[in-house]
Number of protein chains: 2
Amino acid sequence: MGRGGRERKGQPGARALDVAALAGVSTATVSRAFNAPEKVAPEIREKVLKAAAELGWMPHPAGAALASRRTWLAGVLIPTLDNDVFASQVGALQTRLSADGVTVLIGCSNYDADQAANQVRTMLARGVEALAVVGESHRPGLFETISARGVPYVVTYSHRPGSPHPSVGFDNAAAFRRIARHLLDLGHRDFGLIHQPSIDNDRVVARIEGLRAALAEEGVALRPPHVREGPASIAFGRESLRSIMEAPGPRPTAVVCGNDALAIGALIEARALGIGVPEELSITGFDDVAMAEQTDPPLTTMRVDNAEIGRRAADYLLACLAGRQPPPPPPLESRLILRASTGAPTAPRVLSDAQRSL
Amino acid sequence: MGRGGRERKGQPGARALDVAALAGVSTATVSRAFNAPEKVAPEIREKVLKAAAELGWMPHPAGAALASRRTWLAGVLIPTLDNDVFASQVGALQTRLSADGVTVLIGCSNYDADQAANQVRTMLARGVEALAVVGESHRPGLFETISARGVPYVVTYSHRPGSPHPSVGFDNAAAFRRIARHLLDLGHRDFGLIHQPSIDNDRVVARIEGLRAALAEEGVALRPPHVREGPASIAFGRESLRSIMEAPGPRPTAVVCGNDALAIGALIEARALGIGVPEELSITGFDDVAMAEQTDPPLTTMRVDNAEIGRRAADYLLACLAGRQPPPPPPLESRLILRASTGAPTAPRVLSDAQRSL
DNA sequence: GATCAGAATGTAAGCGCTTACATAGCATTT
DNA sequence: AAATGCTATGTAAGCGCTTACATTCTGATC
């Protein structure tokens, strides 16, 4: 961890004292001119600002942080940046926070609970004053650690009714119940499910549970060979659809996917297999990525406004930092986007019942 | 900018002095135990670490930064996080830097030169010790500002031969020359081009120039109605392809796209228009996104290892911080991925009409 | 046994800024 | 004219840490 180099420091020999001298005031006035302009007479303020500009000076954040006990830093913990969903959440959060002078530190867990805990520790050590965390299934004690420091936080992306944490997000279980409802209403009774890894991922777990619960209400259950768990990629979607359709026994008439990439993969494989969508098979996604409306047939999926999640999380944290005791934010709604990849099953139920009774 | 709240500060009453007292040593030893463990006798080090753990203490970064004149902060300026290309670059950069204890600040310009300049100013004010910047077409003086502070920087994503800046990236012009070469070799002489906004974007400009130059060598020029500039979306790709193919006069036999999203849009529209790819029309993309190999036909495109760009940028900056005077990094290679969306033009229009009537 | 190099630890002076408190200046009020 | 309040500014004490330098101790060398 090289400690060498860096003596140079271009101009930055200037300190508040130099600016004060040049402007003919005290350092206190210099500080106030920058941090509480309204407390300084306009003409003096001008003089200070001009002197600062002349010397290319700006308050050194370490000194400021030390003296004021404010770092103006916030952190956000996400699984990965390599995913539109989180990238846009972070983007919006950052935009909002930086408008209030707060800089955002980003920590990626790579879907690993240990890394997540580490990142949080690091951000805390860096002095973040607020934290947004994706999901609530983390190492036990993680939220306690945060609270112990008196740092306000908010869970994002998921909103589980009954969760002890303030959260900005939608109800993943409800969203998948909605999808199930749609398919059940169309008349489907045989389902497949392709989903991403569920370990340490409460969002995925909630989705699966939502789906199972809604199906169970109609007395429908997922048959194990029709459930596939793996990487959230197009390739895994393809592979899984093939495996599901080739499984012995009756084929499902609807396959629910954990996200759009999986669904797009399933769609591609269905075409390759010569299976008609939606006549023979309905397929649903989740996220509503740009590609979803361009597939053939266009994909029925759920839309979530990720940027809005970021914005609301930022607003909530900002309110906390302002000392207000904001009410926990209300859940967001996810919206079912009906397109052509879902339709009523054409095959007579009789047939599949007959098959099943064999 | 609410200055309220935050008196609480959970435990963190602990300071180095408290840890020192508990461990029965001086603050200097506490500091050394954390920053230069090899200078402290093992058993004392243990005692200090235990005391710190007991009090939940870790060095306060502001104090450390102030005393050591090191912030262990680096910045990266990108157009947007809403783009895999930059997201993975940043992800890799961050992973590498954090392994050396450097925290990354991310600034997004939203493709706007003013915002870019602002973000850089902000990061500099925050005390970043190194900076990675996407592209080199920025407000005049931006790089001078950075240099003036004595902050090492590196330009990423593009590598223009002859650029005065150290850069980690590939030669965008060469990459498009490569694409042009491929299509020319197949026998194409009528080209179309669909590209993203070129303002303040040297990468796009270089690509267009590379293409035009390569075509010019064969005496081929792009006809204005066959050139479309707009948002890098699937939708704009579709719309543009239609407009190009509907333009009066001979149709191009090959359409080059500025990225994969545009190319995928073009591919979709070609299918909708009943234009055979690649028999009647060849289409190329850029980036090699996951979807590119799943389209029908799979997309010929250029692959760039964005994560590698991030890694190398990090290594270069780390070397600078270590006081070494690293040589400017060599350019990366982009690779042509040949798939089925390109092929030889079937010369006579007549033939393809005949085919269509089958 | 005295001397000395070298390693381990302590002492204390800041790093650059903010802010509680003190002070000065001035317009009102009594 | 003295007392009062108010505002704009200055004074100076840290914020929590690092590190140059001083000190102490150890074992090796003469």
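Just so it is clear: chains get the letters A, B, ... in the order the sequence lines come, proteins before strands, and each one is counted from 1.
- We find that CG of Leu17(A) is positioned 9 Å from P of dC17(C), with the value rounded to whole Å.
- In summary, Glu308(A) and Arg312(A) engage in a salt bridge, as defined by a charged side-chain N under 4.0 Å from a carboxylate O.
- Which of dT9(C), dT18(C), dG10(D) sits closest to the side chain of Thr29(A) comes down to dG10(D).
- Between Thr27(A) and Thr27(B), the residue anchored nearer the 5' end of DNA chain D, judged by the nucleotide with its closest heavy atom, is Thr27(A).
- Judged by distance alone, the side chain of Asn110(B) and the main-chain N or O of Asp112(B) form no donor-acceptor pair under 3.5 Å.
- Checking dC17(D), dT18(C), dG10(C) against the side-chain heavy atoms of Arg32(B) singles out dG10(C) as nearest.
- For the pair Trp57(A) CH2 and dG16(C) P, the interatomic distance rounds to 12 Å; values are reported in whole Å.
- For Leu66(A), whose side chain is taken as the heavy atoms from C-beta onward, the closest listed nucleotide among dC15(C), dT19(C), dC15(D) is dC15(D).
- When distances run from any side-chain atom of Ser68(A) to the nucleotides dT11(C), dT18(C), dC17(D), the shortest one goes to dT18(C).
- In this structure, Ser26(B) reaches the dG10(C) phosphate: one of its side-chain N or O atoms is under 4.0 Å from OP1 or OP2.
- The base of dG16(D) does not come close enough to the side chain of Arg69(A) for any donor and acceptor atom to sit less than 3.5 Å apart.
- Protein atom CH2 of Trp72(B) is 12 Å distant from nucleotide atom P of dT18(D), rounded to whole Å.
- Put simply, CG on Asp18(B) is 9 Å from P on dG16(D), counting in whole angstrom units.
- Put simply, the residue from Val76(A), Ile78(A), Leu77(A) that forms a side chain to side chain contact (heavy atoms under 4.5 Å, CB included) with Cys108(A) is Ile78(A).
- Ring geometry for Phe34(B) versus Trp57(B): interplanar angle over 60°, hence perpendicular rather than tilted (30 to 60°).
- The distance between atom CG of Asn35(A) and atom P of dT18(C), rounded to the nearest whole Å, is 5 Å.
- Within the 4.5 Å cutoff, the side chain of Leu73(A) has heavy atoms near those of the Arg126(B) side chain.
- Contact between the side-chain N/O atoms of Ser31(B) and the OP1/OP2 oxygens of dT18(D) is found at a separation under 4.0 Å.
- Counting to the nearest Å, the C1' atom of dG16(C) and the CG atom of Leu55(A) are 15 Å from each other.
- Val30(B) comes within 4.0 angstrom of no nucleic acid atom, judged by non-hydrogen atoms across all strands.
- Comparing dG16(C), dT18(C), dT9(D) by their closest approach to the side chain of Ile44(A) singles out dT9(D).
- Note on Ala16(B): only backbone sugar-phosphate atoms sit closer than 4.0 angstrom, heavy atoms only; bases stay farther off.
- A straight line from NE2 of His60(B) to P of dC15(C) spans 18 Å, rounded to a whole angstrom.
- Positionally, the nearest nucleotide of DNA chain C for Ala41(B) lies more toward the 5' end than for the other of Ala67(B) and Ala41(B).
- Atom CD of Glu43(A) and atom C1' of dT9(D) are 13 Å apart (whole Å).
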